[in-house]
Each structure stands twice: as structure tokens, then as C-alpha cells.
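A quick write-up on the structure given underneath.
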Amino acid sequence: MQAAYAFADHWAVTTSDFHRKEKNVYGSNYNSIYDTSTVRYKRNLIDLGVGYFVSLNRKKTITFNLYAGAATGKFSINDYGLLDSSDYSRFH
């Protein structure tokens with residue numbers, strides 16, 4: 001999700017929020033070295049910014065934009081399955 005708001009004639013704030021979860025399942029039919037493997041991904045990001053914008057032509061179809069911001073986030077990977085008939089689990 002993304003949003004922006006112009007709070008004055010040439011100034012605006014922006015923000016975005018990103019969340020995503022995925023799961024991949026692998027077995028011996030994928031030509032893998034693992035007997036089975038399940039990998040779960042989780043991604044969370046958020047950012048905030050403030051900027052200046054000005055029109056460069058009379059019709060206001062071309063603008064100059066200068067924004068600065070900060071972001072934070074977290075990515076995690078959980079991998080578990082069977083390798084040579086033994087359980088394994090990895091977290092990154």
C-alpha cells in the first residue's frame with residue numbers, strides 16, 4: 001500500500017507499507033538434494049518520506065520532485081524438512 005499527501009503548495013509526505021508471506025515446498029521430484037523441504041518467507045517493510053515538488057512548465061505536466069525518507073523492515077526465512085531421512089530446521 002502506498003500513499004502521499006500534499007500538505008502545502010509544494011510540499012508533500014509519502015508512506016508505504018509492504019507485507020508478504022510465501023511458502024515453497026520441494027520434494028525429490030525437484031531434483032533436490034533434500035528428501036523434502038518447506039521454505040517459508042515473511043517480509044515486512046514500512047517507509048516514510050517528505051519532499052518538495054514544483055512544476056516545470058505552464059501546463060503542470062512536468063514536475064521536479066525531491067524527496068527524502070527513512071525505512072525499516074524485517075525479512076525472515078524458515079526452512080525445514082528431511083535430509084537423508086533426518087529432520088532439519090533452519091531460521092534466517
Side-chain angles (χ1 to χ4, degrees):
M1 180 170 57
Q2 298 175 332
Y5 177 73
F7 60 89
D9 283 344
H10 298 283
W11 293 94
V13 293
T14 66
T15 186
S16 70
D17 189 28
F18 174 80
H19 298 280
R20 183 171 179 162
K21 292 181 182 180
E22 296 175 58
K23 177 179 150 182
N24 294 332
V25 179
Y26 304 98
S28 58
N29 58 342
Y30 287 97
N31 296 325
S32 173
I33 62 170
Y34 301 102
D35 297 335
T36 63
S37 178
T38 301
V39 183
R40 294 179 187 265
Y41 304 91
K42 186 175 180 183
R43 300 171 179 97
N44 297 308
L45 302 167
I46 188 167
D47 68 69
L48 299 168
V50 64
Y52 178 79
F53 63 94
V54 62
S55 295
L56 296 178
N57 64 356
R58 201 174 280 208
K59 291 183 180 182
K60 297 184 179 183
T61 57
I62 301 172
T63 61
F64 172 77
N65 299 271
L66 183 63
Y67 287 85
T72 186
K74 183 178 178 181
F75 286 57
S76 64
I77 302 170
N78 191 358
D79 178 11
Y80 58 92
L82 291 173
L83 174 61
D84 295 329
S85 299
S86 297
D87 289 334
Y88 76 91
S89 179
R90 299 180 186 117
F91 182 78
H92 308 277

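Here the structure is a predicted model, which is why all the values come from computation and not from measurement.
- Considering every non-hydrogen atom in both Ala12 and Phe53, the closest pair reads CB-CE2, 4.0 Å.
- Its side chain within the 4.5 Å cluster rule, Leu45 clusters with Phe18, Phe75 among the Ile, Leu, Val, Met, Phe, Trp and Tyr residues.
- Atoms OG1 and CG, from Thr38 and Asp79 in turn, are 8.0 Å apart once rounded to the nearest 0.5 Å.
- Residues passing the side-chain hydrogen bond (donor to acceptor under 3.5 Å, both in side chains) test with His19 are Asp17, Asn44, sequence neighbours excluded.
- Residue Phe64 holds its CZ atom at 9.0 Å from OH of Tyr52, rounded to the nearest 0.5 Å.
- With sequence neighbours left out, Ser55 forms a side-chain hydrogen bond (donor to acceptor under 3.5 Å, both in side chains) with no residue at all.
- Residues passing the side-chain hydrogen bond (donor to acceptor under 3.5 Å, both in side chains) test with Asn78, sequence neighbours excluded: none.
- Pairs passing the side chain to side chain donor-acceptor pair (under 3.5 Å) check and including a residue from residues 60-71, sequence neighbours excluded, read Asn57-Thr61, Thr63-Asn65.
- The two atoms that bring Tyr88 and Ser37 nearest to each other are OH-OG, 2.9 Å, heavy atoms only.
- Put simply, Phe91 and Tyr41 are part of two different groups of oily side chains (I, L, V, M, F, W, Y) that touch within less than 4.5 Å, one to the next.
- Checked against side-chain contact (heavy atoms from CB on, under 4.5 Å), Tyr5 has the following partners two or more places apart in sequence or in another chain: Phe7, Val13.
- Residue Met1 shares its hydrophobic cluster (ILVMFWY side chains chained together at separations under 4.5 Å) with no other residue.
- Scanning for side-chain contact (heavy atoms from CB on, under 4.5 Å) contacts around Leu48 gives Thr15, with sequence neighbours left out.
- Checked against side-chain contact (heavy atoms from CB on, under 4.5 Å), Ala4 has the following partners two or more places apart in sequence or in another chain: Thr14.
- Under the salt bridge (charged side-chain N to carboxylate O under 4.0 Å, His left out) criterion, Arg43 pairs with Glu22, sequence neighbours left out.
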